[in-house]
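In what follows, every chain begins at residue 1, and chains take the letters A, B, ... in the order their sequences are listed.
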There are 2 protein chains.
Amino acid sequence: MNAAPPLPVPAQPAPRMTRQRAAVVEALDGLDDFRSAQQLHEELRTRGDSVGLATVYRTLQALAEAREVDVLRNDEGESLYRRCTRREHHHHLVCRVCGRTVEIDGPTVEAWAAKVGAAQGFSDIDHTVELWGTCADCRA
Amino acid sequence: MNAAPPLPVPAQPAPRMTRQRAAVVEALDGLDDFRSAQQLHEELRTRGDSVGLATVYRTLQALAEAREVDVLRNDEGESLYRRCTRREHHHHLVCRVCGRTVEIDGPTVEAWAAKVGAAQGFSDIDHTVELWGTCADCRA
DNA sequence: GTCAATTTGACAATCATTCTCATCGCGGCT
DNA sequence: AGCCGCGATGAGAATGATTGTCAAATTGAC
């Protein structure tokens with residue numbers, strides 16, 4: 001449990017462009033649903049752009065910090081990554097069968113979260129809001 | 001990814017009451033914030049009601065399935081458990097510094113989630129909504 | 001009490017993720 | 001084009017939470 005000061009980001013030194021980083025980004029661009037680091041690693045191997053597993057993890061982590069990809073945790077606690085269309089804050093509706101993802105805009109929830117938090121005397125309110133369901137195609 | 005049929009619960013055979021199970025429940029009752037299995041295990045050791053770590057995990061898992069305790073994941077992906085006051089569906093506002101927890105009722109969000117899910121053609125909509133913040137006492 | 005079925009606990013095994021460290025290669029500079 | 005410093009990479013070890021194993025201990029019904 002540690003309190004990190006809010007975001008006046010120290011402006012990271014911009015990562016070098018390497019074959020590996022490019023491959024990861026490209027793979028993510030070609031996919032439309034959330035994938036785990038392991039799945040991405042496999043995908044890359046299949047494509048022939050083999051990249052070390054540790055590197056896949058490091059790259060995804062970096063991309064996530066740079067807000068280039070979104071991260072969420074599945075039921076098992078695994079991290080799943082996805083290159084999202086909108087860079088602004090948003091949520092997701094994910095099919096728990098096939099992983100199909102829809103980006104959701106939730107002004108209602110944002111407001112609600114902020115209000116509730118403040119009402120209880122909490123500050124620096126942050127929220128986790130994800131929706132899971134079975135998409136039409138996966139409806140047996 | 002597997003689709004589990006909805007809840008006509010097969011009515012589990014009601015677990016036996018053992019010293020260990022009682023100790024875990026009692027410890028949970030005495031606490032007011034979310035704790036990890038490991039922390040609970042330590043707490044029990046301290047109290048003198050030592051219980052095997054594996055048993056703590058199994059018990060918490062069982063309690064969670066029986067909806068006797070709530071579970072949520074922290075940033076590191078660890079599972080945290082808590083004996084909640086209300087048994088009905090609700091959410092939490094948790095202090096990321098001290099773990100202090102406030103149970104939140106969110107009819108607004110429930111409705112929003114259901115509506116959004118349906119609008120996208122998804123069924124069996126489920127949602128994850130947790131709020132994190134810094135409570136008044138932890139505000140330096 | 002007796003006895004079968006559960007539960008427990010010490011320890012091994014999993015598994016995602018991170019760390020280590022020697023080697024590689026990007027990119028600014030000449 | 002060549003040089004070079006330092007970030008990036010990868011193979012494998014290490015970590016750490018959680019789960020599996022299985023013999024021994026307990027529970028609860030009769």
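Going from atom OH of B:Y81 over to atom P of D:dA17 covers 13 Å, rounded to whole Å. Taking atom CG of A:L72 as the reference point, atom C1' of C:dA16 lies 16 Å away to the nearest angstrom. Here C:dA16 presents its P atom at 15 Å from CG of A:D75, a figure rounded to the nearest Å. Atom NE2 in B:H41 sits about 13 Å away from atom C1' in D:dA17, given to the nearest Å. For the pair B:N74 CG and D:dA17 C1', the computed distance is 11 Å after rounding to whole Å. Distance, A:L53 CG to C:dC19 C1': 13 Å, rounded to whole Å. Going from atom CD of A:E76 over to atom P of C:dA16 covers 10 Å, rounded to whole Å. In this entry the distance linking CD of A:E78 with P of C:dT14 reads 17 Å, nearest Å.
Nucleic acid contact class of B:S79 (heavy atoms, under 4.0 Å, all strands): sugar-phosphate only. Within the 4.0 angstrom heavy-atom criterion, only backbone atoms of the sugar-phosphate kind lie near A:R19; the bases stay farther away.
Nearest to the side chain of B:Q38, among C:dT8, D:dA11, D:dT18, sits D:dT18.
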Does the side-chain hydrogen bond (donor to acceptor under 3.5 Å, both in side chains) test come out yes or no for A:Q20 and A:T59, once each step is laid out? CA-CA 9 Å; A:Q20 293 81 340; A:T59 305; over 6 Å; no
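In this structure, B:T18 reaches the C:dT8 phosphate: one of its side-chain N or O atoms is under 4.0 Å from OP1 or OP2. Here A:Y57 reaches the OP1 or OP2 of C:dT17: one of its side-chain N or O atoms lies under 4.0 Å away. Under 4.0 angstrom from either OP1 or OP2 of C:dG9 there lies at least one side-chain N or O belonging to B:T55.
Enclosure of atom CZ in B:R47 by more than 12 non-hydrogen atoms of other residues, nucleotides or ligands within 6.0 angstrom is indicated.
For B:R16 and C:dT7, a side-chain-to-base donor-acceptor distance below 3.5 Å is absent, hydrogens and geometry of angles not being considered. With hydrogens and angles ignored, a donor-acceptor pair closer than 3.5 Å exists between the side chain of A:R58 and the base of D:dG10.
Projected onto DNA chain D by closest heavy-atom contact, B:R73 and A:Q20 fall at different nucleotides, the more 5' of which corresponds to A:Q20. When each of A:R21 and B:M17 is assigned the nucleotide of DNA chain D with its nearest heavy atom, A:R21 is the one assigned upstream, toward the 5' end.
At a threshold of 4.0 Å, the pair A:D29-A:R83 counts as salt-bridged, since one of the basic side-chain nitrogens sits closer than that to a carboxylate oxygen. With respect to the salt-bridge test (charged N to carboxylate O, under 4.0 angstrom), the residues A:E103 and A:R82 qualify.
With a 4.5 Å cut-off on side-chain heavy atoms, A:W132 and A:L93 do not count as touching.
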